[in-house]
Each structure stands twice: as structure tokens, then as C-alpha cells.
Amino acid sequence: VNVTAVPDTAFVYYATPAATDVITVSGGVSGTAVSATVDASATSVCSVSVSSNKVTMTALKVGICVINITKSGNDLYSDYTTQVSIEVKKSKQTNLTASASPSSLTYSNSPSPTATITAAGGSGTGLVSYALDSSSIGICSLNSNVVTVLAAGDCLVNVTKAGDVNYAEATASVTIKIAKGSQAALTASPANSTIVFDPTNPATTTLATSGGSGTGAVSFAVNPNSSTICSIDGNKVTALAPGSCSIVATKAGDDNFNS
């Protein structure tokens with residue numbers, strides 16, 4: 001007499017509370033009992049219970065649950081025995097999140113700012129690890145879970161909570177925005193603070209700057225209020241008329257500093 005033993009699903013995921021799967025036993029001698037036991041190879045993976053023709057498997061840990069099922073016979077038919085295997089797969093971890101404190105930084109080369117990465121969520125006993133994304137090499141460095149600023153830009157850190165016997169690996173990431181820094185104070189000074197106007201022999205002086213930050217070039221421009229008093233070419237000032245000559249010095253920004 002034909003007998004079938006069919007599980008609702010071919011696999012379940014490990015979970016808390018425990019996942020279950022129901023095997024329906026059909027056919028065979030009418031009215032005879034169904035019994036089931038966990039195979040000796042799988043006693044730590046699952047347990048079983050029987051109600052009428054339903055065998056319920058309860059997952060205990062990840063692995064292959066092997067169940068021996070018997071449908072009793074009678075005087076005419078022998079007992080029917082079969083084996084059903086159901087895989088208990090690793091579960092996805094609960095949502096893993098990563099955050100940075102502070103969440104944004106401003107570039108400075110002395111001292112270099114830092115931020116601390118923290119992970120929350122996930123499941124199981126797997127350890128949490130931190131890795132600098134390849135796109136952020138040169139922007140920041142990472143020591144354990146502490147980020148140190150190297151340049152302005154986006155610092156991307158990938159966080160992984162390892163899997164264990166029951167849970168698969170989980171990942172998250174966090175981006176720290178590193179803004180350009182402000183330059184140190186810039187000062188400009190003339191070689192001669194006073195020059196004498198001479199229409200036949202234009203008086204000149206040169207300008208120099210100190211301070212500022214970064215690699216940006218320095219440029220000079222005459223203040224509009226002084227456009228009739230002096231002119232400038234590079235860093236050379238030429239007197240056009242008697243008066244006060246006002247020059248604006250600008251050190252351009254670069255990858256790490258604003259102008």
C-alpha cells in the first residue's frame with residue numbers, strides 16, 4: 001500500500017522561538033498509527049512530536065534534521081518505514097546598524113580630529129569588526145573602531161558582525177563627512193609701507209604674505225576704493241596718485257582648506 005511523508009517545506013531557518021515544519025503522512029493501512037523518531041545523527045538538531053498523521057519537527061540548531069517515520073501495518077501488510085530530511089539553515093541576523101560620534105568632522109592637521117564607530121543590533125555571538133572601505137584610503141585611517149582624519153572627503157567604514165552556528169554574517173556601513181578646514185590667519189605686508197608718488201618715476205613696492213594653510217596660491221587685488229591710487233601686478237604695487245592704497249591678499253583653498 002503506497003505511503004507518502006511530505007514536509008510542508010524542504011527547509012526552515014533557525015529562529016527564536018523555534019521554527020517548526022509539519023510532515024503529513026498519507027496512505028498506507030487505514031487507521032494504523034504513525035510514529036516518528038529523530039535519527040541518531042540528528043538528535044541535537046531537532047525534536048519531533050506526532051499527532052494522528054502529522055509529524056511536527058522543531059528546530060533546535062542549524063544542521064540536517066533526519067526523521068525516521070513509521071506507518072504501522074496489519075496482519076496483511078508490513079510496517080512502512082521512511083526517512084525524511086529537513087535542513088535547518090542559518091537565520092539572518094536582526095538589523096545591524098552603525099553610527100559615528102561625532103557624525104561629521106572638519107579637517108585639521110594639528111591635531112587630527114577623530115570619531116568613534118559604534119555598532120548596534122545583530123544577533124548571535126559573532127564578533128563585530130570594522131574595516132575602512134577602499135574608496136576612503138587617503139581620506140581617513142582606522143584603528144579598531146576609531147577613525148582619524150587624513151584629508152577632506154567622505155570616510156566610509158564597513159562594519160561586520162560575524163556569523164555563528166545559528167546566524168549568518170551581517171553587515172552595515174557608516175559615512176563620516178569630513179569638511180574642508182579653515183586656514184590659519186593670513187597676513188600681508190609691504191616691503192615699504194610708505195612710498196612717494198612721482199608722476200615721472202612711478203614709485204613701487206612689493207608685498208609678501210605669511211600664515212594661511214594648505215597649498216593654495218596667494219593672489220593680490222586692489223581694493224576698489226583704491227583703484228585710482230595704485231595698481232598691482234603680481235605682488236608689485238605701483239603708485240598712481242597720492243593717497244592710501246588698500247590691497248586684498250587671498251590664499252586659495254585646496255583639497256583640505258577653504259580659501
Side-chain angles (χ1 to χ4, degrees), residues 1-99 117-134 142 144-145 156-175:
V1 180
N2 187 48
V3 178
T4 60
V6 180
D8 287 347
T9 60
F11 63 87
V12 296
Y13 288 102
Y14 174 82
T16 302
T20 60
D21 197 1
V22 176
I23 303 164
T24 301
V25 180
S26 303
V29 176
S30 177
T32 60
V34 173
S35 61
T37 59
V38 177
D39 191 78
S41 64
T43 53
S44 64
V45 176
C46 57
S47 63
V48 294
S49 62
V50 179
S51 177
S52 185
N53 69 326
K54 305 289 187 180
V55 178
T56 300
M57 180 278 289
T58 300
L60 303 179
K61 72 173 189 178
V62 171
I64 303 297
C65 175
V66 181
I67 303 170
N68 300 314
I69 298 174
T70 299
K71 169 69 170 172
S72 297
N74 58 15
D75 292 341
L76 298 176
Y77 296 97
S78 300
D79 293 349
Y80 174 85
T81 300
T82 189
Q83 204 170 64
V84 175
S85 295
I86 299 171
E87 182 179 5
V88 181
K89 294 186 175 184
K90 288 186 177 184
S91 289
K92 293 180 179 180
Q93 296 188 35
T94 57
N95 188 45
L96 180 69
T97 61
S99 59
I117 309 298
T118 302
S123 307
T125 59
L127 297 177
V128 174
S129 60
Y130 305 86
L132 185 65
D133 192 83
S134 60
L142 182 67
S144 184
N145 66 329
L156 176 61
V157 177
N158 299 315
V159 180
T160 300
K161 183 171 172 61
D164 59 15
V165 294
N166 292 318
Y167 291 97
E169 179 181 280
T171 59
S173 62
V174 59
T175 298

Only pairs under 3.5 Å count here: list side-chain donor-acceptor contacts from residues 55-72, not counting sequence neighbours, and write none if there are none.
{"residue": "K61", "atom": "NZ", "partner": "S44", "partner atom": "OG", "Å": "3.4"}
{"residue": "N68", "atom": "OD1", "partner": "Q83", "partner atom": "NE2", "Å": "2.8"}
{"residue": "N68", "atom": "ND2", "partner": "D39", "partner atom": "OD1", "Å": "3.2"}
{"residue": "T70", "atom": "OG1", "partner": "T81", "partner atom": "OG1", "Å": "3.4"}
{"residue": "K71", "atom": "NZ", "partner": "V29", "partner atom": "O", "Å": "3.1"}
{"residue": "K71", "atom": "NZ", "partner": "T32", "partner atom": "O", "Å": "2.9"}
{"residue": "K71", "atom": "NZ", "partner": "T32", "partner atom": "OG1", "Å": "3.2"}
{"residue": "S72", "atom": "OG", "partner": "A33", "partner atom": "O", "Å": "3.4"}

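- For S26, the side chain to side chain contact (heavy atoms under 4.5 Å, CB included) criterion is met by T4, T24, not counting sequence neighbours.
- The shortest distance between side-chain heavy atoms of P7 and V84 falls below 4.5 Å.
- Not a single ring-ring contact (aromatic ring centres under 6.0 Å, His included) links Y130 to another residue, sequence neighbours left out.
- Atoms NZ and CG, from K161 and D164 in turn, are 7.5 Å apart once rounded to the nearest 0.5 Å.
- Here the CG-CG distance, from L156 to D133, works out to 4.0 Å after rounding to the nearest 0.5 Å.
- With values rounded to the nearest 0.5 angstrom, D21 atom CG is found 12.0 Å from E87 atom CD.
- Using a 4.5 Å heavy-atom threshold, the side chains of I23 and I86 count as touching.
- Between Y167 atom OH and Q93 atom CD the span is 8.5 Å, to the nearest 0.5 Å.
- With hydrogens and angles ignored, the 3.5 Å screen pairs a side-chain donor or acceptor of D79 with a backbone N or O of G73.
- Side chain of N145 to main chain of I117: a donor-acceptor pair is present (N/O by atom type, distance under 3.5 Å, no hydrogens or angles).
- Listed for the T9 side chain is a donor-acceptor partner under 3.5 Å among the backbone atoms of F11.
- The two residues A98 and V159 make their nearest non-hydrogen contact at CB-CG2, 3.7 Å.
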Item checked: Working for side-chain contact (heavy atoms from CB on, under 4.5 Å), residues T82 and V3 -> CA-CA 9 Å; T82 189; V3 178; over 6 Å; no
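- T94 places a side-chain N or O within 3.5 Å of a backbone atom of G122 that can act as its donor or acceptor partner.
- Shown here for A119 and L96, the closest heavy-atom pair between the two residues is CB-CD1, 4.3 Å.
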